[in-house]
Amino acid sequence: VCSIYKDLCDCEKKQIEAIHLDTFENYLNLTEIKLQENQLKFLDYRIFENLGLLEKINLGQNKLVSPDPNQFKNKPNLNTLVLMENNINVLDKNVFKGLHSLVSLDLAINNVDYLDSDLFQDLENLFYLSFLLNKLTHVNVNYFNSKWLKNLTYLNLGRNQISLIQQKAFQNLTKLQLLDLSFNYLKEIRGDEFENLDNLDELSFFGNYIEIIHYKAFRNLPNLKKLIFLQNQIKTIESLAFNYFVQLDSLNLIDNKLRE
């Protein structure tokens, strides 16, 4: 069913419902496996067990519910992991443990509503992280404050159900450049949510329910260059709210309730 060419195994769009334990036993030199767009509901953790050279795994667009804690164990070279568009609702705190080389982790379009404080252990090289279209209702101070996320540069939390961001929720993400909070349920921005984000370039609140921009809302974001408030409910911008910016060159306030 699958096509194997050198170190690539391509099983994309094959209507696969299950993978036998011995499927890859003669292909231990594989560096990339494409399993996206199939019908997988469960994967035995031993399927990838001996594939220690893997660099990329794509399991997107399947029906996985909860990856086994040992699913990606002993994968020192894994740099790209795609789990987007599944039915994942639980992520065990050890599921990504040991993935020191991981650079990109895509969990978009799932049902995740909680993140363990140890979920990102060992991911010190993670650059890109997406939880787009999940079911997070708030950003807990412990979600992304892992010491391991010191190199995270892109974080997408768009299209969740977030109505609250706790104080200092992103304080350890000192390398973060882009934070997408589009299409959530945020009504206000206090400013203490964004402490230590000195390198943030772009921040999007597109499609939220923000009514007022407080004067201290951006006191911790002096280097922001792009700020998006498109389609909110903003009626009031307090005096001096934008005075903290040094490099801002793009501000979008289109489709709000401001009066001249």
Side-chain angles (χ1 to χ4, degrees), residues 113-115 117 119-120 126-132 134-260:
D113 62 4
Y114 169 79
L115 305 178
S117 59
L119 179 63
F120 303 113
L126 195 65
F127 176 91
Y128 173 97
L129 176 60
S130 178
F131 278 99
L132 173 72
N134 274 270
K135 295 186 177 179
L136 296 170
T137 59
H138 64 285
V139 181
N140 188 289
V141 68
N142 295 317
Y143 282 3
F144 301 105
N145 269 332
S146 169
K147 65 179 182 179
W148 298 103
L149 293 178
K150 59 185 180 182
N151 284 308
L152 191 67
T153 302
Y154 178 101
L155 177 58
N156 193 339
L157 298 175
R159 294 186 182 275
N160 276 266
Q161 301 164 21
I162 298 168
S163 60
L164 174 67
I165 301 175
Q166 291 188 351
Q167 184 178 359
K168 299 183 179 181
F170 306 110
Q171 67 175 344
N172 286 333
L173 305 184
T174 56
K175 296 281 185 70
L176 198 66
Q177 294 181 17
L178 190 151
L179 176 57
D180 193 339
L181 290 161
S182 300
F183 296 101
N184 278 288
Y185 299 143
L186 295 169
K187 292 184 177 180
E188 69 168 351
I189 305 160
R190 303 177 311 276
D192 55 17
E193 309 96 324
F194 307 118
E195 290 193 18
N196 288 354
L197 297 185
D198 292 343
N199 288 303
L200 198 67
D201 284 337
E202 182 173 338
L203 177 58
S204 178
F205 295 104
F206 184 7
N208 276 270
Y209 297 89
I210 296 166
E211 297 180 358
I212 182 171
I213 299 178
H214 296 290
Y215 78 99
K216 287 187 176 181
F218 306 111
R219 66 185 184 275
N220 294 307
L221 302 173
N223 296 311
L224 200 67
K225 296 176 182 176
K226 187 174 183 179
L227 180 58
I228 302 170
F229 280 108
L230 180 67
Q231 291 181 18
N232 274 269
Q233 306 293 318
I234 298 171
K235 299 176 182 177
T236 305
I237 300 176
E238 290 187 353
S239 179
L240 306 180
F242 299 135
N243 274 28
Y244 295 94
F245 295 126
V246 177
Q247 302 189 55
L248 192 71
D249 56 27
S250 178
L251 173 61
N252 192 331
L253 290 162
I254 294 173
D255 201 3
N256 276 278
K257 296 186 176 181
L258 291 165
R259 296 180 180 178
E260 291 185 7

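- With contacts defined as side-chain heavy-atom distances shorter than 4.5 Å, the pair Ile162/Leu186 qualifies.
- With values rounded to the nearest 0.5 angstrom, Asn223 atom CG is found 15.0 Å from Tyr244 atom OH.
- The number of heavy-atom neighbours closer than 6.0 Å to OH of Tyr128, taken from other residues, nucleotides and ligands shown, is above 12.
- Under the 6.0 Å cut-off for aromatic ring centres, Phe245 and Phe218 qualify, their centroids lying closer than that.
- When side chains are defined from C-beta on, Leu253 counts as touching Leu251, because their heavy atoms get closer than 4.5 Å.
- Across all non-hydrogen atoms, the minimal contact from Gln166 to Val141 is OE1-N, 3.0 Å.
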Show the numbers, then the answer: is there a ring pair (Phe, Tyr, Trp, His ring centres under 6.0 Å) between Phe229 and Phe206?
-> CA-CA 5 Å; Phe229 280 108; Phe206 184 7; over 10 Å; no
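- In this structure, Asp198 contributes its side chain and Thr174 its backbone to no donor-acceptor pair below 3.5 Å.
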Begin with the C-alpha distance, continue with both residues' side-chain angles, and end with the deciding distance and a verdict on side-chain contact (heavy atoms from CB on, under 4.5 Å) for Leu149 and Asn172.
-> CA-CA 7 Å; Leu149 293 178; Asn172 286 333; over 6 Å; no
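- Under the 30°/60° scheme for interplanar angles, the aromatic rings of Phe170 and Phe194 are found to lie parallel.
- Across all non-hydrogen atoms, the minimal contact from Asn142 to Asn140 is N-OD1, 2.8 Å.
- With Asn184 contributing its side chain and Asn160 its backbone, the two residues share a donor-acceptor pair below 3.5 Å.
- Residues Ile210 and Ile189 have side chains in contact (heavy-atom distance under 4.5 Å, counting atoms from C-beta outward).
- Scanning all heavy atoms of the two residues, the minimum distance from Leu230 to Asn232 falls at O-ND2, 3.4 Å.
- Rounded to the nearest 0.5 angstrom, Ser163 OG and Leu136 CG are separated by 11.0 Å.
- The heavy-atom pair separating Gln171 from Asn145 by the smallest distance is N-OD1, 3.1 Å.
- Rounded to the nearest 0.5 angstrom, Ile213 CD1 and Ile237 CD1 are separated by 4.5 Å.
- Using a 4.5 Å heavy-atom threshold, the side chains of Leu203 and Ile228 count as separate.
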Ile212/Ile234 under side-chain contact (heavy atoms from CB on, under 4.5 Å): CA gap, chis, key distance, verdict | CA-CA 5 Å; Ile212 182 171; Ile234 298 171; over 6 Å; no
Test side-chain contact (heavy atoms from CB on, under 4.5 Å) on Asp113 and Asn134 and set out the steps.
-> CA-CA 7 Å; Asp113 62 4; Asn134 274 270; over 6 Å; no
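- Taking each heavy atom of Leu157 and Val139 in turn, the nearest pair found is CD1-CG2, 4.1 Å.
- Looking at every heavy atom in both residues, Lys216 comes nearest to Arg219 through O-NH1, 3.0 Å.
- Phe120 and Phe144 have parallel rings, their planes meeting at less than 30° on a 0 to 90° scale where 60° marks the start of perpendicular.
- Between the CD1 atom in Ile165 and the NE2 atom in His138 there is a gap of 11.0 Å [rounded to 0.5 Å].
- Checked by atom type, the side-chain pair Asn151/Lys175 shows a donor-acceptor distance below 3.5 Å.
- Taking CG from Leu181 and CD from Glu193, the interatomic distance works out to 9.5 Å, rounded to the nearest 0.5 Å.
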Apply side-chain contact (heavy atoms from CB on, under 4.5 Å) to the pair Thr153 and Leu176, showing each step before the final yes or no.
-> CA-CA 4 Å; Thr153 302; Leu176 198 66; 5.6 Å; no
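- Residues Tyr185 and Leu164 form no side-chain contact, since every pair of their non-hydrogen atoms from C-beta on lies 4.5 Å or further apart.
- Leu227 places a side-chain heavy atom less than 4.5 Å from the side chain of Phe205.
- Using modelled atom types, one finds no donor on one side chain facing an acceptor on the other under 3.5 Å when comparing Glu195 with Asn220.
- Aromatic rings from Phe127 and Tyr154 are positioned such that their centres are separated by 6.0 Å or more.
- Lys135 and Gln161 form no side-chain donor-acceptor contact under 3.5 Å, judged by distance and modelled atom types alone.
- Distance check, rounded to the nearest 0.5 Å: CD of Glu211 to NZ of Lys257 gives 7.5 Å.
- Asn156 places a side-chain N or O within donor-acceptor distance of the main-chain N or O of Gly158, the cut-off being under 3.5 Å.
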